[in-house]
Each structure stands twice: as structure tokens, then as C-alpha cells.
There are 2 protein chains.
Amino acid sequence: MQKQQNLSKNQQIIFDIIHNSSEPLKAYSILFNVQKKGIKAPLQVYRALDKLVELGKIHKIESRNAFIACQNSSCQISKATAFSICESCEQVSEISNTKLSKYLSNFTDEAGMKYNKYNLEFFGLCKKCKSK
Amino acid sequence: MQKQQNLSKNQQIIFDIIHNSSEPLKAYSILFNVQKKGIKAPLQVYRALDKLVELGKIHKIESRNAFIACQNSSCQISKATAFSICESCEQVSEISNTKLSKYLSNFTDEAGMKYNKYNLEFFGLCKKCKSK
DNA sequence: TTATAAATGTTATATTATTACATACTGTTA
DNA sequence: TAACAGTATGTAATAATATAACATTTATAA
Ligand SMILES: [Zn+2]
Ligand SMILES: [Zn+2]
Ligand SMILES: [Zn+2]
Ligand SMILES: [Zn+2]
């Protein structure tokens with residue numbers, strides 16, 4: 001529940017919920033959670049989510065349409081994200097691996113083109129699920 | 001319009017449309033396109049899309065909710081995909097780079113975990129857009 | 001042929017996301 | 001202070017994306 005300077009009221013409420021969640025949250029599940037706090041409409045949620053993504057405080061897991069808090073002590077590099085996703089229990093964690101991020105940030109395609117941003121999602125079975 | 005053995009009628013119709021398109025297509029835009037061919041309902045489109053993805057004939061661009069034909073002479077490795085996306089004109093192309101795919105397929109995270117599948121999306125400006 | 005899996009057709013509905021417009025707050029500068 | 005710009009909020013309506021449920025048909029193969 002750590003107070004983040006410079007987030008607006010709605011942004012703070014929604015960040016806290018995502019940050020305290022052990023799993024990625026979907027927009028409408030967030031909406032349901034914050035209705036008691038006076039946030040009533042989808043758009044209020046989506047606006048806060050957009051801003052938080054832009055700030056790098058949260059990331060969107062594209063394959064799941066869900067959001068998790070940044071786990072890299074708030075990476076401003078929302079431009080270079082990598083996640084590990086368990087296909088059984090849907091647990092998601094952010095991968096923080098210097099070699100990987102260097103490799104991808106420096107990646108140049110066949111045409112010599114470089115990219116300023118990437119998103120990588122790995123899928124498999126987490127330890128827990130594998131041992132079942 | 002190359003005939004693909006072993007695709008069903010609906011799958012073939014929808015594959016052809018995607019394959020002939022120069023840009024990623026969205027499900028409802030596909031639906032609109034095939035209504036004259038008797039495919040009237042979203043579910044018919046989604047079912048064909050699911051199957052085509054499973055077969056590796058098309059891929060879903062997760063960040064865009066859109067589909068493109070596989071550009072790697074039909075990769076059966078729908079399990080290891082990488083794309084280049086222009087943030088200006090939305091042109092998408094599939095990246096086929098042996099070093100990259102080897103690197104990612106062999107990637108092991110801090111916990112020693114390996115993954116059986118990944119999807120990578122690079123964002124930037126394509127040549128055309130950069131020179132503008 | 002009989003059984004099984006895969007594909008189709010149809011209706012309704014659930015889920016995810018945006019448009020449009022009005023208002024309020026925050027910080028800066030004339 | 002007043003005027004302004006930029007950001008954030010509130011609200012209603014609607015658009016866009018995707019799935020559930022159920023009935024039927026077609027393909028494949030034992
Ligand atoms: Zn992060
Ligand atoms: Zn798991
Ligand atoms: Zn491919
Ligand atoms: Zn471009």
C-alpha cells in the first residue's frame with residue numbers, strides 16, 4: 001500500500017489493487033473491486049490503466065488482457081518487457097535478465113532495422129504445476 | 001489462393017483471406033469479408049481462426065488482436081513466434097532469424113526454468129515511415 | 001455400418017475497450 | 001489574482017472482441 005508520489009487519486013487506487021494482487025488483474029475485475037471506492041465506470045479504470053502503463057508502474061500481459069505491477073522496482077522501461085506465464089495456473093512473473101534484455105534491445109533484423117520497444121511472453125509450466 | 005490440403009471449407013475461406021491480405025486482419029473484418037460466402041456468425045470465424053493458429057498457418061498479433069498468415073513457409077512452430085510491428089503504419093512482418101529463435105528457445109530463467117513456447121513483438125518504425 | 005471425432009450452423013450473451021461530451025483540479029505565468 | 005494550459009474526473013452510450021450453449025452435419029476409420 002506504499003504511497004506513490006505523483007499518482008492521481010484514481011491512479012493510486014488502481015495501482016494499489018494491482019500491486020497487492022498475486023495474479024494479473026483484468027480491467028473489469030478491477031472495476032468490480034473499486035466500485036466501493038467510487039470508481040463506477042469502465043473508462044475511469046481504463047484511463048488509470050493507460051497512465052500507469054505509460055509510467056511503467058504496471059504492464060499489460062497482452063495474451064491475457066490483464067495487468068500486473070512492475071516487478072523490477074518500477075522499471076521506467078515499459079519499453080522492454082518480458083514475462084513468464086504458466087499455462088496451467090496462469091501465474092505470471094516479470095523476467096529481469098540483463099543478458100536477455102541487452103540481447104533484445106540490440107537486436108537488428110535482416111534488413112538492419114532496430115526497434116525501440118519489445119514485449120516478450122514465455123509460456124510453460126511453473127515449478128509447482130510441473131511437479132504435479 | 002493456393003489450395004491447402006486438409007483445411008475444411010470455412011478454414012480454407014478464412015485462410016485465403018488472411019493469406020491474401022497485406023496487413024493483419026481482425027476477426028470482425030474477416031467476418032464482414034466472408035458474409036457473401038455464407039459465413040455469417042462470429043463463432044464460425046473464431047473457430048476457424050483457432051484451428052488455423054493451432055496448425056501454425058496463421059499467427060495472432062496479440063497487441064493488435066489481429067491475424068496474419070505465417071510467413072515462414074508455414075512454420076509448424078506456432079510455438080516460437082517473433083514479429084516486427086511499425087507503430088506508425090501498423091505494418092507487421094514475421095521475423096525469421098535462426099539465432100534469435102535459438103536464443104529464445106534455449107532461454108533459461110533465473111530459476112532454471114525453460115519454456116516450450118514464446119511470442120515476441122518488436123515495435124518501431126519501418127523503413128518507409130522512418131524516412132518520412 | 002457403427003462409432004467417433006471434427007466441423008458447422010444459429011442464437012444469445014459475455015467480455016473488453018472506446019467515443020463523446022461536460023466538468024473539475026493543478027500548476028504556471030502574465 | 002486572473003487567465004491559461006494541461007491533466008484528471010464523471011457519466012452515458014456504444015463499439016469491438018470473444019465465448020457459451022445447443023442442435024446438426026460431415027469426415028474418418030474401425
Ligand atoms: Zn517492469
Ligand atoms: Zn503453474
Ligand atoms: Zn510463422
Ligand atoms: Zn511504417
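None of these values were measured; they are calculated from a predicted model. Residue numbering restarts at 1 for every chain, and letters A, B, ... go by the order of the sequence lines.
Aromatic ring orientation, B:Phe107 versus B:Tyr115: parallel (interplanar angle below 30°, classes split at 30° and 60°). By the 30° and 60° cut-offs, the orientation of the rings of B:His19 relative to B:Phe15 is parallel.
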Nucleotide by nucleotide, 5' to 3', does protein get under 4.0 Å of the base (B), only the sugar-phosphate (S), or neither (-) in nucleotides 13-23 of chain C, counting heavy atoms? ---BBBBB---
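Applying the 4.0 Å criterion to OP1 and OP2 of C:dT26, one finds that A:Asn6 has every side-chain N and O outside that range. Between A:Ser8 and D:dT9 there is a side-chain N or O to OP1 or OP2 distance below 4.0 Å. Between B:Gln11 and the phosphate of C:dA7, there is a side-chain N or O to OP1/OP2 separation shorter than 4.0 Å. Taking only side-chain nitrogens and oxygens, A:Lys40 comes nearer than 4.0 Å to OP1 or OP2 of D:dT11. The shortest distance between the side-chain N/O atoms of B:Lys9 and the OP1/OP2 oxygens of C:dG9 is below 4.0 Å. Proximity of A:Gln44 to the phosphate of D:dG10: a side-chain N or O atom is located under 4.0 Å from OP1 or OP2.
Between B:Phe67 and B:Ile14, the closest side-chain pair of non-hydrogen atoms is not below 4.5 Å. At a threshold of 4.5 Å between non-hydrogen side-chain atoms, the residues B:Leu104 and A:Leu100 count as touching. Two residues are said to be in side-chain contact when any heavy atoms from C-beta on lie closer than 4.5 Å; A:Gln71 and A:Ser93 meet this criterion.
Atom P of nucleotide D:dT7 and atom CG of A:Leu55 are separated by 12 Å, given to the nearest angstrom. In this structure, A:Leu52 atom CG and D:dT9 atom P are separated by 10 Å, rounded to whole Å. Between the CD1 atom of B:Ile13 and the P atom of C:dA7 there is a distance of 14 Å, rounded to whole Å. Between the C1' atom of D:dT9 and the CD1 atom of A:Ile14 lies a distance of 12 Å, rounded to the nearest Å. The NZ-P distance, from A:Lys37 to D:dT9, rounds to 14 Å in whole Å. Rounded to a whole Å, the CG atom of A:Leu31 is 14 Å from the P atom of D:dA12. When rounded to the nearest whole Å, the span between CD of A:Gln12 and P of D:dT7 equals 19 Å.
Nearest approach of A:Ala66 to A:Pro24, heavy atoms of both residues: CB-CB, 3.6 Å.
Under the 4.0 Å criterion applied to side-chain N and carboxylate O atoms, B:Lys117 and A:Glu87 are assigned as salt-bridge partners.
Test B:Leu7, B:Leu52, B:Ile17 against B:Gln12 for side-chain contact (heavy atoms from CB on, under 4.5 Å) and you get one pass: B:Leu7.
More than 12 heavy-atom neighbours from other residues, nucleotides or ligands sit within 6.0 angstrom of NZ on B:Lys130.
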Filtered N/O pairs between nucleotides 25-27 of chain D and protein, under 3.5 Å:
none

